[in-house]
Each structure stands twice: as structure tokens, then as C-alpha cells.
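Worksheet: one structure, shown below.
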Protein chains: 2
Amino acid sequence: MATLSDVARRAGVSPATASRVINGSSKPVTDELRERVLAAVAELQYVPNAHAQLLARSHRSAVGVIVHDVSDPYFAEITRGLQRVATDQGRLLMICNSYRDPDRELEYVELLRGHQVAALILAGSGYHDAAFTRQLNEKLAAYEATGGRVVVIGRHEHSGDAVMPDNRAGGYLAGRELCELGHRAIGVVAGPRILTTTTDRLAGLRQALTEQGLDLPEQRIRYAEFDRDGGAEATARLLDADPELTAIVALNDSMAIGALATLRARSLPVPQRISVVGFDDMPIARDVTPALTTVRLPLVDMGVRAMSLVLGAGAPAPRVEVLPAELVRRDTAGPAPHPQRDTAGAAPRARRGDAAP
Amino acid sequence: MATLSDVARRAGVSPATASRVINGSSKPVTDELRERVLAAVAELQYVPNAHAQLLARSHRSAVGVIVHDVSDPYFAEITRGLQRVATDQGRLLMICNSYRDPDRELEYVELLRGHQVAALILAGSGYHDAAFTRQLNEKLAAYEATGGRVVVIGRHEHSGDAVMPDNRAGGYLAGRELCELGHRAIGVVAGPRILTTTTDRLAGLRQALTEQGLDLPEQRIRYAEFDRDGGAEATARLLDADPELTAIVALNDSMAIGALATLRARSLPVPQRISVVGFDDMPIARDVTPALTTVRLPLVDMGVRAMSLVLGAGAPAPRVEVLPAELVRRDTAGPAPHPQRDTAGAAPRARRGDAAP
DNA sequence: TACCGCAGAGAAAGCCCTTTCCCGCAGGGA
DNA sequence: TCCCTGCGGGAAAGGGCTTTCTCTGCGGTA
């Protein structure tokens, strides 16, 4: 590889001058020398060594991002938001997939710190795991102590700046919708119970049911991987245990799609026989058939906010931006198939005029 | 940030010794000193500066990857394959999204070269653009001249090692299938015509139709973005121009999903009234309703092969691995709705017993 | 006892840049 | 004519790490 001094030698100037030309330094250089340097760069196909540059320059510019998996639509959308702001500000993003492995997450914090990133964004659910949480917070604190900035998306465990989707309210929305449609036998297809996202969404859902005089026993919940196959499998288990279910809440859209697949395989019409509500409103939700009724989270906006927060000025106190969830009614949730013997939930159910456009 | 000499000072040793302990050098260090160093590392939360390390070490280990967009399922699958091999070999991947912008692609080649990657993988379609192709090849050649290794996935324009999906054969498969089902009026929803992927798939398709005595006039092809919305829009244009179409080939699955959306919006039943065939077989294809008939490409395997090639020993001659396409029959392609006046295609149509399970 | 060899530790030379500091020189004012 | 100013350029000092080379001191052999 050609180095700067190769270029300088070829152009007959000092490395200092070559550097100034290449980086467009504010210090003036004669046109004659400038051209000689540029010519040498072209001839030698010179590309500056990024590591040497980062070492020599003091200011750090890249931003590190740790997500579960960029190709998961949930994180893809968030990342889109992150990118948008980062690109505007000329920042490079280093994105790492933790695949929800706590150890890998810890490793990546170190790795990114080692790569001298100016800031760190952690996106994705936190864990119910005190030991891990403590370790992570220690690492994050160490990083912040040396001037690094940290923002988390959707995790409570960190005490600093955060962007939080309102998972609990979203769960509540899903639950209320189904209650109002007259459903009494509601099953839940949930992600891993160690994730705070799962428990938060579940808590909101439970609250909605409780308000309608329903409870949500553990046997109506099945925990599985937070993906399509997990959803398919959990739905099958749920149905095997309780064939009378008239509605299923999937705690994310991937699982909802899996649920739909199982339902189709068992020839259970949606929403006539059984309703399904998803969560997240990822792009594909509107394209499955029937189109998925789901709880929408402003994913791109979450990314935008997080990046703005992390690149903006620091604040004396931690800032927490809570972004609202919103119910998107499409075609997978309909009235419960047959009238309930129990009439307790009649009033709210009547409130909803679904026949109107 | 704590530095190595901070650690050394704190442990009362020289930086050399500290370095040896931290990197597990082969040179022996007394247990006593080793422990002092380790303690200092822990106390100081020391993380080595990756840039300094890369500068000091001579051997390069990271691999650069340029794709259209990691969150596009096509590239997500390929990347999964790349990652699998890279992780096995302890390599770090630097993944860049070009968003099909040739200039950005060129920039990323430089960027990755500047980051001293040991190898470079370019995935995604090439362009019908001689000037760009030449520039890219020059940059790649310059990189290879300094010992860098390059593998491309799905692009003919580079003369070195390559992994090639058989796009042309795949197009042929889609065309033949529809002909055998009796379709005569077939429209195509295509990606940008500047992409070689588009023209390759189109060429195979055209060949299949030609063999059946059909031709594929330009007005039966609509070019649009290679995504869901592009597919929806192109389908609408196609239908407006030619309402009698009985089949649509979408040149990737995202476009096929868009096509399905338009068809649903227009209440055209699939496959009774109109058949749809996609391309790629991305994971979601089986979950749309009706499940998508499509041409499968071994995407993960393409990634695996590419990474193996690039990390393996160099070869004297360029190696090109062509991976086969395969038709996956699901539910969006059925017999043409009404018998053709023209009986020319009868024989092949009869060959296929679609009523059988 | 004298000498050799080697284990274990440190000094120092890079790796490739950026940037400060300094120097020479030309032009302008006194 | 002399001095000061300021511009354009180079020398050199890092930036944080790895690694070779060198040095010290110990145990073992003749």
C-alpha cells in the first residue's frame, strides 16, 4: 500500500504539505504544489490509512450501534432512522448484531469503545438479569466517564438518556381492542420472558383485560422466540391446550405472521373464527392476508430521536423520550365469533362501530 | 481513556510487558507480573485502542462487504451466509449499504481500503454503465495489486473470483412454468433496467416464451424500483395498459408482494384470474396469502461460498461458482383462466398435472 | 570457580498520519 | 536601508500500540 510519504516523495514535497493538500487543510498551499500532490495521489492510487488518521486526529466521529439484528424489520426501521440523522451529520455508523446474546452485547461495547466511537446507541429489549445489567451499566459508565455519550432505545436498565416506546400502553391498546370486540378467551404468543419488552407488553395487556374483569392466566401465555417460527410454534401449543380461544395477541409482528401460518394450516379462518393482533407494525404487516391488525410503534422516529439525542448537546439530567404506541386496525381482528354467556363486557363492546368506513 | 502506558505504570512494569500480558503473547511473563497487569487493566477499565493496534500490527483481518441494503431480505440472507463463515474464522465484517448508488459504491471501496480490510466482497447486481464499471474495476485492481482479495456476488463485470446465481436460468424457469400452465398473455414487473440482474432474468424469461412461440414485447414490461412499492406501481401500469393479462412475473419477491397488493386492491383473484410468479424466494414468500410461487436462489449458500472463496487460498485463474435457481411451486400460479383461441401452446400445457397433489 | 546460555524484563524503533512549531523569504512601512 | 509582518513550506513531535533487540541476572556445566 502506498503511504503518505510515498506520495510526498513522488510529488517532491514534505509529508506535511501532502497531508494538507489531501485533507483540504485551512493552511494555504501553492497551486503548483497542490497539483503535484494530487497527481501523485492519482498515480499511486493512494488512500489514507484510516487507522493512522484516527490515531493522529484527536476528535472521534463514528457512532457505535448495537442491535439485535439489523435484518429484523423492527431494527431495520430503527436503523433507518439512525442512519438518516447520522448521514446528515457526516457520521459513520458501526452497527453490531448481538443476536440477543448478553455476552456478545458486552463484548461489543468493548469493541466499539476500542474503536474510539464518539457515542454508543443500544437498541432493543433489556433483560431481566440483574448480574448482566450491572455489568453492562459498569461498562457503559466507564465509557461515559471518558467522554463517551450513550443513548438506549427501549431499555429501562440504563440510567442515562433513553428513547422508550410505550410498550405497556401498546399492550393495553391491543387488549382493550379485543375486549371491545367481545373476546373473552384470549391467548398470548409472547417473546422470551427474560426480555423486558415481553413483560412490559404483557403487563399492559393484562391491565386491559383486568379492567374488563378478565384475567390472564399463565396457561394462556406461551413464550417462544421472538420470530416467525416462534410465533407459529407457540400458537400451535396454545391451540392444543385451549381450542376455544377466539383471539390471539402476538407480542410482535413476526410472531403474528407465524401465528397466521399456523391458523391457516389448521383451517381456522381469521378473523371469523379467531382474531389476531400483532405488535410493531413492521412494513410487511399490511401485505399479509388478511392484513394484520397491530400496534404501531414509530420505529424510524425512535431512531431519529436517539441519534439526535446522542449527537446533540449533553444535558445535566437524563432525558427520557417516551414515544406513543397506536392501534392500527386492519383485517385480522373482528368480533368474537359467538355471543358471550357472560354479559359483563357488553358496554365497551357496543361502543365500537366497526361496520362504518 | 486509559492507555497502555497508564496500565503499565500502575502495574509497575514496562508497556512491553503489559502488552504481552494483554495479548497473550508467546513470550513468557512471570505470574506475579501478569497478575499485577491484569489487576491494573480491570481497575482502569482499560480497552486497547483498536486503531493503534491495527496500525502497529501488520496483518489485516477484517473483511469489507458492500451490499445494496442489509435489511433487504435478499441481502440479509446473503449476509447471514457471509457472517457464518466469517465468525467461524474470527473475522470482523464491515458492512456498507450502497443503496444501489454507483458513486457510493466507489466511495465505499475506498473507505474499506482505507480501513485496511483484508478482503472485499461486493454483492448485488452490476450496472449497464461502462464508465462506472471501468472505474470500479480500476479501484478493485488497485486494491488487489496491494494484496487485497476481492470476490463479487452476482456481478459479471469483475474479472476475478465470483459467485453467480443463475438468474437467466431462473427467468427461464418462471417463463416455462407459466407457459405450461397455458398462459399466453404474460406481463413482467421488472427492476431498473440498468441492473444486469434485471436484464439477465428478463433474458431467461424471454427465451422460455420464445420457445413456446410467444414473444415479450416491451409494452408488456414495466420497469420500476426493485421493491414492494415499485412492484405495486408497475403492476398497476401493466394492468391499465393491458387488462387481459393472465399472468405476471415479478423479477423479485418484494415486487411480487407489491403486485399481490395491487391485485387485491383491484379484486383480481390470484391465481384464478391472474397468476403471479416471484423471484428469490425470500423468507416471507411462504407467508403471504396465497403463498408465493417463486424462483428460489440459494442466498445463504451464496454468502457462504463467497466468504470461503475470499478467505481461502488464492487461485491462479479466476473462479466462478454458478449456483442454480429452482422453481418453488406454491399457490400464486395456476392454470390460465380460459382456454386460448390459439392452440399452439397446447402440448406443453397438457404435460403438467396440476390437479394431482 | 569461571563461563555459557537462557529466561524474563525493558528500551526503543517503528506503524502512518496530523499538526504544531519554526524558519526563510518577500514585501511594505518607517 | 532596516525591521517587521506574514505567507508558504518543512521538521518534528506526538497518537497508542507491537515487536525486535538488548540487557540483566540466574542456574547449570566444565
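For the pair Arg57(A) CZ and dT20(C) C1', the computed distance is 16 Å after rounding to whole Å. A straight line from CZ of Arg36(B) to C1' of dG8(C) spans 13 Å, rounded to a whole angstrom. Whole-Å rounding puts the Glu32(B) CD to dA7(C) C1' distance at 16 Å. Note: CG (Asn49(A)) to C1' (dC17(C)) measures 8 Å, nearest angstrom. Atom pair His51(B):NE2 and dC16(C):C1' shows a separation of 14 Å (rounding to whole Å applied).
Between Glu157(B) atom CD and Arg134(B) atom CZ the span is 13.5 Å, to the nearest 0.5 Å. Taking CD1 from Ile78(B) and CE from Met302(B), the interatomic distance works out to 4.0 Å, rounded to the nearest 0.5 Å. Atom-to-atom distance recorded for Leu122(A):CG and His158(A):NE2 is 8.5 Å, nearest 0.5 angstrom. Ser61(A) OG to Gln89(A) CD: the interatomic distance, rounded to the nearest 0.5 Å, is 10.0 Å. A distance of 5.5 Å separates CG in Asp301(B) from CG in Leu323(B), rounded to the nearest 0.5 Å.
Salt bridge annotation for Arg149(A)-Glu144(A): absent, with no cationic side-chain nitrogen under 4.0 angstrom from a carboxylate oxygen. Under 4.0 Å is where a charged nitrogen must lie from a carboxylate oxygen, and between Glu107(B) and Arg104(B) no such pair does.
Judged by distance alone, the side chain of Asp69(B) and the main-chain N or O of Ser98(B) form no donor-acceptor pair under 3.5 Å.
No contact: Leu54(A) has no heavy atom under 4.0 Å from any strand.
Contact annotation: Gln53(A) side-chain N/O to dC17(C) OP1/OP2 distance is not under 4.0 Å.
Among all heavy-atom pairs drawn from Arg155(A) and Ala123(A), the shortest one is NH1-O, 4.4 Å.
Taking the nucleotide of DNA chain C with the nearest heavy atom to each of Ala52(A) and Val13(B), the more 5' of the two is matched to Val13(B).
Contacts between chain B and DNA chain D, taken as any atom within less than 4.0 angstrom of a protein heavy atom, begin and end at dG16(D) to dC21(D).
Listed in residue order, the members of residues 14-30 of chain A having a heavy atom less than 4.0 Å from DNA chain C are Ala16(A), Ser19(A), Arg20(A), Asn23(A), Lys27(A).
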